[in-house]
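Data block below; observations after.
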Amino acid sequence: MGQVIEGIAVIAVIMAVGWIARATKILKTDATGHITDLVYWIAAPALLFSTIASADLDVVIGRPLVVAAASGVVTASVFALIARLTMRPTIGDLTVGAMSSSLNNAAYVGIPIAIYVLGSAVHGVPIMVFQLGFFTPMFFVLIDLCTPGITLSIVTIVRSVVTNPMVIAAFLGFLCAAVSLDVPPLIANATEMIGQSAPALVLISFGASLVGQRLTVRSQDGHMVILASCFKLMVQPACAFGAGLLLGMDGHALLAVTVMGAMPTAQNAFIASARAGVGNHIAQGTVLITTIMSLPVTVLIAWLFHLAALV
């Protein structure tokens, strides 16, 4: 349990550093935008490439990867449908909400939870590969297309896809992994070192963005945050549990995919919203709430599995 609490505490401390730096004007007004661009164009693609290029696809590809994909896609789709019918948000806010409701923080919180609750960090790899290789780049492209002033066309969509740094990094990473290419040590070490800076930079930028922000629960953004948080912490793990059962999983394997489905919202949702200038409050609120609530939800899932004698 200490590792789980420590993982969440580290997130809180780094966000607090960002908040203090902005509140004391160490970081200027436009600093968040510059940090966001740095993460988007350099740090996050480096993390994507180094993670995927070094992954053993024979180990990753299997039922846990199918569960990660199914639970993520179903959760985002159902959220989008319900939010559209009940709140009628803008396309940008709807996309950010869908991303916030289904994109997992499988690294910072997921790894310590996988180690403590599940006994091995390997349980976090399939969901990380799915998200880093497909889900995250897809959402970044969709949210870029929602940027005010963008005129949608086939050319615009294709250009957004082929020029997106996340898509390029993921493609190159999968290519290296598929052909078992040994990345030259100079490139491998450089991308790994740069990629390791991405989580901290995202958290600092997120903390800085909270200065002076207020979210009214009764506002539409507040309703979107509550809905996205409920989907992230309840609907997605339920979808993962159901998908696992359909695929014949049981015992510890079923517990693993369910717990990994309950991870908090990844900070990449905030980076995407900040870059496009849409859904900022939705991403901020959902990241904050799900990060705080992920620990008790994880403990509850483990207790229910033991109560039902499923493990």
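For the pair I271/F140, a side-chain contact is recorded, criterion being any heavy-atom separation below 4.5 Å from C-beta on. A heavy-atom distance below 4.5 Å is not found between the side chains of T90 and Q220. Taking the side chain as every heavy atom from C-beta outward, T29 and R22 approach each other to under 4.5 Å. Using a 4.5 Å cut-off on side-chain heavy atoms (C-beta onward), P237 and I301 make contact. Contact of the H306 side chain with the L310 side chain is not registered, since no non-hydrogen atoms from C-beta on lie closer than 4.5 Å. For the pair L227 and M87, the minimum side-chain heavy-atom distance is below 4.5 Å. Residues I14 and I204 have side chains in contact (heavy-atom distance under 4.5 Å, counting atoms from C-beta outward). Looking at heavy atoms from C-beta onward, F135 lies out of side-chain contact with N104 at the 4.5 angstrom threshold.
The main-chain N or O of F270 is never found under 3.5 Å from a side-chain atom of N280 such that the two would form a donor-acceptor pair. When atom types are taken as modelled, the side chain of S205 and the backbone of V202 share no donor-acceptor pair closer than 3.5 angstrom. A donor-acceptor pair under 3.5 Å links the side-chain atoms of S101 to the main chain of A98, judged by distance alone. A donor-acceptor contact shorter than 3.5 Å links the side chain of T191 to the backbone of A188. Of the possible donor and acceptor atoms, none in the side chain of D93 sits under 3.5 Å from a partner among the backbone N and O of P89. In this structure, the side chain of T290 engages the main chain of T265 through a donor-acceptor pair within 3.5 Å. K232 places a side-chain N or O within 3.5 Å of a backbone atom of G261 that can act as its donor or acceptor partner. Looking at T286, its side chain never comes within 3.5 Å of a backbone N or O of S100 through a donor-acceptor pair.
Follow the hydrophobic side-chain contacts under 4.5 Å out from I52 and you never reach L47; the two are in separate clusters. Both I20 and V211 belong to a single network of hydrophobic side chains, linked directly or stepwise wherever heavy atoms of I, L, V, M, F, W or Y lie under 4.5 Å apart. Each of I91 and V78 belongs to its own hydrophobic cluster when Ile, Leu, Val, Met, Phe, Trp and Tyr are linked at side-chain heavy-atom distances under 4.5 angstrom. I194 and F49 are assigned to two separate hydrophobic clusters, defined by single-linkage of ILVMFWY side chains at heavy-atom distances under 4.5 Å. Using a 4.5 Å cut-off between side-chain heavy atoms of Ile, Leu, Val, Met, Phe, Trp and Tyr, with links allowed through other members, I127 and V297 fall into the same hydrophobic cluster.
With values rounded to the nearest 0.5 angstrom, L103 atom CG is found 13.0 Å from M263 atom CE. Separation of atoms CG (D221) and NE2 (H281) is listed at 6.5 Å; rounding is to 0.5 Å. Remark: S197 OG to I42 CD1 distance equals 9.0 Å, nearest 0.5 Å. With rounding to the nearest 0.5 Å, the separation of CD1 in I282 from NE2 in H223 is 12.0 Å. Put simply, OG1 on T36 and NE2 on H34 are 10.0 Å apart, with the number rounded to the nearest 0.5 Å. Taking CD1 of I187 as the reference point, atom CD of E192 lies at 13.5 Å (rounded to 0.5 Å).
Across G72 and S102, no two heavy atoms sit closer than the pair O-CB, 3.6 Å. Residue M99 comes nearest to I143 through the heavy atom pair SD-CD1, 3.6 Å, listed as atom of the first residue, atom of the second, then distance. G18 and L27 get closest at one heavy-atom pair: O-CD1, 4.3 Å. Shortest non-hydrogen contact noted between Q267 and T291 is NE2-OG1, 4.4 Å. When all heavy atoms are compared, the tightest approach of T163 to W41 is O-CZ3, 4.2 Å. Contact between C239 and V74 at its shortest, heavy atoms only, is SG-CG1, 3.8 Å.
Remark: D30 CG is packed, more than 12 non-hydrogen atoms of other residues, nucleotides or ligands lying under 6.0 Å away. For CG of L85, the number of neighbouring non-hydrogen atoms (other residues, nucleotides, ligands) closer than 6.0 Å is greater than 12.
Side-chain polar atoms of S209 and Q284 form a donor-acceptor pair below 3.5 angstrom.
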Working for side chain to side chain contact (heavy atoms under 4.5 Å, CB included), residues V96 and V278 = CA-CA 8 Å; V96 171; V278 295; 4.0 Å; yes
Could you go through the side chain to side chain contact (heavy atoms under 4.5 Å, CB included) check for V67 and F241 one step at a time?
-> CA-CA 8 Å; V67 171; F241 177 80; over 6 Å; no
Evaluate side chain to side chain contact (heavy atoms under 4.5 Å, CB included) for L175 paired with L181, printing each intermediate quantity in order.
-> CA-CA 8 Å; L175 184 63; L181 177 67; over 6 Å; no
What do the steps show when you test I82 against F231 for side chain to side chain contact (heavy atoms under 4.5 Å, CB included), and what is the final call?
-> CA-CA 11 Å; I82 292 177; F231 265 74; 3.6 Å; yes
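In this structure, the ring of F174 has its center no less than 6.0 angstrom from the ring center of F134.
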